Every structure is written in C-alpha cells, then in structure tokens.
**Q** 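Have a look at this one.
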Amino acid sequence: MKKYLAEMIGTMVLVLMGCGAAIFNGGCGTPAQVLMVAVAFGLAVVSMAYTIGGVSGCHINPAITLGVWLSGRMSGKDAGMYMVFQVIGAFIGSAILYAILASGVEVTGTTTGANDVGEGLQMAGLIAEIVFTAVFVLVVLGTTDAKKGAGNFAGLAIGLSLILVHIVCIPITGTSVNPARSIAPAVFQGGTALCNLWIFIVGPFVGAAIAAGIWKLVACDKD
C-alpha cells in the first residue's frame with residue numbers, strides 16, 4: 001500500500017507544481033513562460049524521484065507504468081493500482097489549485113493547466129503525444145534498467161528529458177505525455193479540454209507501448 005500512496009503523493013506534487021506554474025505565471029504564451037513551465041514539470045519529477053523513488057520507483061505517470069509493465073518489470077495488479085492512485089493524486093493536485101483559484105486569486109494564464117489542441121489539430125496533437133511520450137518513456141526505461149541504467153543519476157536524466165519534451169511540445173498540445181496529469185485538469189476545465197481528453201490518454205499509452213517495444217529491441221543481449 002505504501003508504494004501506491006507514494007505514487008499518489010508524487011503525482012499530486014507533479015500536477016500541483018507543473019500546472020500551478022502554468023496557471024500562476026501567465027500560461028505558455030512566450031518562450032520564457034514555456035521554459036518556466038517546462039522546468040517546473042522537470043524539477044517536480046526530479047524532486048519526487050529522489051523522494052519516493054526508493055518506495056515506488058516514482059512513475060507518477062500511467063504511461064510510464066504501462067511501459068514498465070510491458071517491459072516485464074512489474075505485475076499487472078501493481079500496474080493497475082499504480083494508475084488508479086496516480087489519477088487520484090492528480091485530482092488532489094488539481095483540487096488544491098482549484099481551491100486557490102476559487103478563493104479569488106487573479107491569474108493571467110490558463111485556468112486549470114488542462115491540455116488541449118486547436119480546432120482541426122487533433123491529429124497533430126495525437127502524433128505529438130505519441131512521439132514525445134515514446135521518447136520520454138524510452139529514457140525512463142533506459143535509465144532505470146537494472147543492468148544498463150544510470151543508477152542514482154536516473155532521476156536527473158528523467159527530469160531533464162521531461163523539460164526537453166515540454167519545450168518542444170508545449171506549443172502543440174500544452175504537453176501531456178501523462179494521462180493522469182491530463183485527466184484531472186480536463187475534468188475541472190470542461191469544454192473542449194474534456195472533449196479532446198482522449199488524445200492525451202490514447203497518445204501517451206500508444207507512445208509508452210512503442211517505447212517498451214523499442215527498449216526490448218535495443219536492450220536485448222543478442223545481436
């Protein structure tokens with residue numbers, strides 16, 4: 001149970017800090033704002049990796065959990081429970097942000113940190129989420145591999161890769177690469193964010209499956 005609670009707490013922190021940066025710092029309209037939000041998400045991952053990594057592995061992302069499960073590193077039961085608690089954590093983080101906003105704090109950025117795409121850009125958003133999630137999850141699988149991984153530097157590498165992904169992908173979708181991170185804000189936001197939520201569930205899961213397949217291929221001991 002402790003590892004499930006750790007995943008809940010970690011995902012809560014990720015949403016609170018990452019989406020909070022977008023909400024309270026003017027959204028992602030300028031290069032500086034894009035970089036600020038990207039760094040916020042990356043630093044949240046780094047901080048949680050070295051906080052709960054020893055308890056749960058710090059997935060804090062259903063796409064990562066799917067990739068780990070497909071790679072044979074965890075049971076289906078644990079994978080399912082991880083995802084449930086990650087979504088719960090995301091809702092807690094979003095609820096905290098919503099409560100702060102409801103208290104009357106004025107913001108100039110996005111109101112919930114929800115992901116969305118422009119009209120007619122659903123396919124572009126889906127492709128972006130698949131590709132960038134595949135890259136991100138591949139980094140996670142590679143750096144945390146028991147034999148070929150980066151050891152204690154894995155958390156730093158994962159956080160930096162998430163910053164990189166956000167810098168490129170924010171102008172396209174706001175960057176999800178994490179279904180839990182998208183589900184909760186979209187529910188609070190409603191509207192097109194909720195209508196387009198499927199992109200940020202399907203895309204990351206497909207990308208994670210691709211990453212798992214790639215890692216099995218390149219990490220195989222046979223030439």
Side-chain angles (χ1 to χ4, degrees), residues 1-22 37-71 73-75 77-97 112-115 129 132-144 149-150 152-166 169 174-187 200-201 203-205 207-208 211-212:
M1 190 65 180
K2 290 181 179 179
K3 57 189 176 184
Y4 305 147
L5 292 175
E7 286 295 304
M8 182 184 74
I9 293 169
T11 310
M12 180 271 289
V13 171
L14 176 70
V15 171
L16 184 63
M17 300 305 175
C19 294
V37 174
V39 170
F41 274 104
L43 289 180
V45 167
V46 172
S47 64
M48 286 298 99
Y50 293 108
T51 302
I52 65 171
V55 179
S56 68
C58 189
H59 296 186
I60 59 177
N61 181 338
I64 291 177
T65 298
L66 177 64
V68 172
W69 174 64
L70 291 175
S71 299
R73 302 186 193 177
M74 69 187 307
S75 68
K77 175 190 173 182
D78 277 345
M81 292 296 289
Y82 267 43
M83 291 180 188
V84 169
F85 277 83
Q86 287 157 0
V87 172
I88 292 172
F91 269 99
I92 294 172
S94 291
I96 293 171
L97 292 173
T112 65
N115 295 112
E129 288 296 324
F132 288 109
T133 303
V135 171
F136 179 52
V137 174
L138 185 61
V139 171
V140 173
L141 295 177
T143 57
T144 59
N152 291 334
F153 290 102
L156 182 59
I158 293 167
L160 290 174
S161 69
L162 187 59
I163 292 175
L164 179 61
V165 165
H166 273 77
C169 194
T175 309
S176 171
V177 302
N178 183 339
R181 171 262 180 275
S182 293
I183 291 171
V187 170
F200 307 104
I201 297 175
F205 278 146

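The figures here come from the full heavy-atom set of this structure, side chains too, leaving out hydrogens, waters and symmetry mates. Remember, predicted model here, so these are calculated numbers, not experimental data.
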**Q** Would you name the heavy atoms of Ala212 and Leu141 that are closest together and state the gap between them?
**A** CA-CD1, 3.7 Å
**Q** List for me each residue that meets side chain to side chain donor-acceptor pair (under 3.5 Å) alongside Ser56, sequence neighbours excluded, and say none if there are none.
**A** Glu7
**Q** Out of curiosity, Leu16 CG to Ile96 CD1, how far, rounded to the nearest 0.5 Å?
**A** 5.0 Å
**Q** Just to verify, which of Thr144, Val137, Val46 counts as forming a side-chain contact (heavy atoms from CB on, under 4.5 Å) with Ile158?
**A** Thr144
**Q** The criterion is ring pair (Phe, Tyr, Trp, His ring centres under 6.0 Å); which residues satisfy it with Phe41, sequence neighbours excluded?
**A** His166
**Q** Can you list every side chain to side chain donor-acceptor pair (under 3.5 Å) pair that touches residues 38-51, not counting sequence neighbours?
**A** none
**Q** Measure the CG-CG distance between Leu14 and Leu43 for me, rounded to the nearest 0.5 Å.
**A** 11.5 Å
**Q** Go through Asn61 and Thr11 one step at a time and tell me if the side chain to side chain contact (heavy atoms under 4.5 Å, CB included) criterion holds.
**A** CA-CA 7 Å; Asn61 181 338; Thr11 310; over 6 Å; no
**Q** If you measure from CE on Met8 to CD1 on Ile92, what distance do you get to the nearest 0.5 Å?
**A** 4.5 Å
**Q** Taking all heavy atoms of Gly67 and all of Ser71, pick out the closest pair and write down the distance.
**A** O-OG, 2.8 Å
**Q** Is there a side chain to side chain contact (heavy atoms under 4.5 Å, CB included) between Tyr4 and Val84? Walk through the geometry before answering.
**A** CA-CA 9 Å; Tyr4 305 147; Val84 169; over 6 Å; no
**Q** How long is the gap from CE on Met12 to CD1 on Ile60, to the nearest 0.5 Å?
**A** 11.0 Å
**Q** Taking C-beta and beyond as the side chain, do Val177 and Leu162 meet within less than 4.5 Å on heavy atoms?
**A** yes
**Q** Does Thr143 form a side chain to side chain contact (heavy atoms under 4.5 Å, CB included) with Phe153? I'd like the steps, not just the answer.
**A** CA-CA 8 Å; Thr143 57; Phe153 290 102; over 6 Å; no
**Q** Distance from Tyr82 atom OH to Leu66 atom CG, nearest 0.5 Å?
**A** 14.5 Å
**Q** What pair of heavy atoms forms the shortest contact from Ser94 to Val15, and how long is it?
**A** OG-CG1, 3.6 Å
**Q** Pairs in or reaching into residues 78-90: which pass salt bridge (Lys or Arg N to Asp or Glu O under 4.0 Å), with residues at least two apart or in two chains?
**A** Lys3-Asp78
**Q** Can you list everything that forms a side chain to side chain donor-acceptor pair (under 3.5 Å) with Ser182? Sequence neighbours excluded, please.
**A** Asn115, Ser176
**Q** Is there a side chain to side chain contact (heavy atoms under 4.5 Å, CB included) between Cys19 and Leu97 once you walk through the steps?
**A** CA-CA 8 Å; Cys19 294; Leu97 292 173; 3.8 Å; yes
**Q** Say you draw a straight line from CE of Met48 to CD1 of Ile9; how long is it, rounded to the nearest 0.5 Å?
**A** 8.5 Å
**Q** How close do Ala208 and Ala63 get, counting heavy atoms only, and between which atoms?
**A** CB-O, 3.1 Å
**Q** Excluding sequence neighbours, so at least two apart, what forms side chain to side chain donor-acceptor pair (under 3.5 Å) with Thr65?
**A** His59, Gln86
**Q** Please find the pair of heavy atoms, one from Ile52 and one from Gly10, that lie closest to each other, and give the distance.
**A** CD1-CA, 3.9 Å
**Q** Answer whether the closest heavy-atom distance between the side chains of Phe136 and Leu164 falls below 4.5 Å.
**A** no
**Q** To check you understand the geometry: which heavy-atom pair defines the closest contact between Met74 and Trp69, and what is its length?
**A** O-CD1, 3.2 Å
